[in-house]
Amino acid sequence: MKSFGRATAALGILIAGIFMSGCMWGNHQSTTPYNPLGETNAPIVVGPVTNIDLTAYTIQVGDSITATFADVTGINPITDTIKDDGTLTLIYNEKFQAAGKTVGALQEEIHARYVPAYFKYLTVTITLPARFFTVSGEVRNPNRFAYVGRTTLSQAITIAGGFTDFAKKTNIQLTHANGRQQRVDYKQALRDSAFDPEIYPGDQIYVEKRFW
C-alpha cells in the first residue's frame, strides 16, 4: 500500500509538472508578437492566381494602371498613376475621371470618347500590377491572394477557406505593408464591423494555433 501511495503521489507530481509547463509555454506564446516575415513554422504557399476579374475593381488615387489600345496601329500602351484629383490623361490629351470608377466602367468611357471621334474601331484594356495579400497559419488554404478591391479581415479569412479546427480566433495578427501591427478578435469583428479592419495589398494575416 505504501508503494502504491508513493507511486500515485509521484504520478500526480508528474502530471502537475506537465500541466504547469504547458501553461507557461502557452502564456509565453500569447505574449510574444508574431512576425510573419520571420516565421518558419507557418509556410506560405505561393501559387498562380487564376480567374481574377479586375473589371469590377474600383480604381483609387495612386493606382498605377496601363491602358492598351487594340485594333489600331501606331499607339503604344500608356502607363500612368491616378493623380490626386482622380484623373488620368491618355492619348490626344484626353483626360478621364478614373478614381471611384470600376475598371470596366472606365474602359467603356474611354472607348466612347475615342470612337467614333478618333477611331472607327478600338478595343481598350485597362490592367493593374498584380497586388496581393497573404493569409497563413491556422486556415484551410494558407496562400497569397490577389487583391481585387475592398476586403476586410473576415472576408480574407473566408477567401482562405475559413479556419482549421485548431484556430485561435480571438487573437489574429494583422501586419500591414508599412509594418504596423494590430490584433483582431474575429468573433468581435463579426458582431461589429467597426472591429473588422480593412486589408490592403502587401498586408499579412496570421492565425495562431490554440492549445486547448
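Fair warning: this is a prediction, and the values are worked out from it, not measured in the lab.
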Q: Decide salt bridge (Lys or Arg N to Asp or Glu O under 4.0 Å) for R183 and E208; before the verdict, give the C-alpha distance in whole Å, the side-chain angles of both, and the deciding distance to 0.1 Å.
A: CA-CA 11 Å; R183 296 279 182 169; E208 296 179 351; 2.9 Å; yes
Where do [X] and [Y] come nearest, in terms of heavy atoms and distance?
| X | Y | value |
| --- | --- | --- |
| A189 | V184 | CB-CG1, 4.4 Å |
| I59 | A98 | CB-O, 3.7 Å |
| V207 | A167 | CG1-CB, 3.7 Å |
| V135 | A156 | CG2-O, 4.0 Å |
| D63 | R131 | OD1-NH1, 3.3 Å |
| P142 | S136 | CB-CA, 4.0 Å |

Q. Can you name the salt bridge (charged side-chain N to carboxylate O under 4.0 Å, His left out) partners of E198, sequence neighbours left out?
A. R150
Q: Report the residues that fulfil salt bridge (charged side-chain N to carboxylate O under 4.0 Å, His left out) with D84, sequence neighbours left out, ordered by chain and then residue number.
A: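 Here no residue qualifies.
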According to a hydrophobic-cluster definition based on side-chain heavy atoms being under 4.5 Å apart (Ile, Leu, Val, Met, Phe, Trp, Tyr only), do [X] and [Y] belong together?
| X | Y | result |
| --- | --- | --- |
| L122 | Y118 | yes |
| V72 | V115 | yes |
| F96 | V103 | yes |

Any donor and acceptor pair, going by atom type alone, linking the side chain of [X] with main-chain N or O of [Y] inside 3.5 Å?
| X | Y | answer |
| --- | --- | --- |
| E138 | Y206 | no |
| T151 | G149 | yes |
| K120 | P116 | no |
| D203 | A177 | yes |
| E94 | I91 | no |
| Q107 | I126 | yes |

Q.
Checking side-chain polar atoms at under 3.5 Å, does D196 have a donor or acceptor matched by the opposite partner on S154?
A.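 Short answer, yes.
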Q.
Give me each pair satisfying ring-ring contact (aromatic ring centres under 6.0 Å, His included) with a member in residues 147-189, each pair once, sequence neighbours excluded.
A. F163-Y186
Q) Which of these passes salt bridge (Lys or Arg N to Asp or Glu O under 4.0 Å) with D165: R140, R210, K209? A)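 Exactly one pass, corresponding to R140.
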Are [X] and [Y] close enough that some pair of their side-chain heavy atoms sits under 4.5 Å apart?
| X | Y | value |
| --- | --- | --- |
| I78 | T66 | no |
| T134 | I205 | no |
| I199 | T152 | no |
| I65 | L88 | yes |

Q. Once the angle between the rings of Y114 and F69 is folded into 0 to 90°, is it parallel (under 30°), tilted (30 to 60°) or perpendicular (over 60°)?
A.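 Perpendicular: the ring planes of Y114 and F69 meet at over 60°.
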Spacing of [X] atom [atom1] and [Y] atom [atom2] [to the nearest 0.5 Å]:
| X | Y | atom1 | atom2 | answer |
| --- | --- | --- | --- | --- |
| Q188 | L190 | CD | CG | 10.5 Å |
| R113 | E109 | CZ | CD | 5.5 Å |
| L174 | Q182 | CG | CD | 4.5 Å |
| F119 | I75 | CZ | CD1 | 3.5 Å |
| D185 | I172 | CG | CD1 | 8.0 Å |
| H111 | L106 | NE2 | CG | 13.0 Å |

Q | K95 atom NZ, over 12 foreign heavy atoms within 6.0 Å | A | no
Q: For this output row, return yes or no: ring centroids of F133 and Y200 closer than 6.0 angstrom.
A: no
Q. When S64 is tested against each of I82, T79, L128 for side-chain contact (heavy atoms from CB on, under 4.5 Å), which residue passes?
A. T79
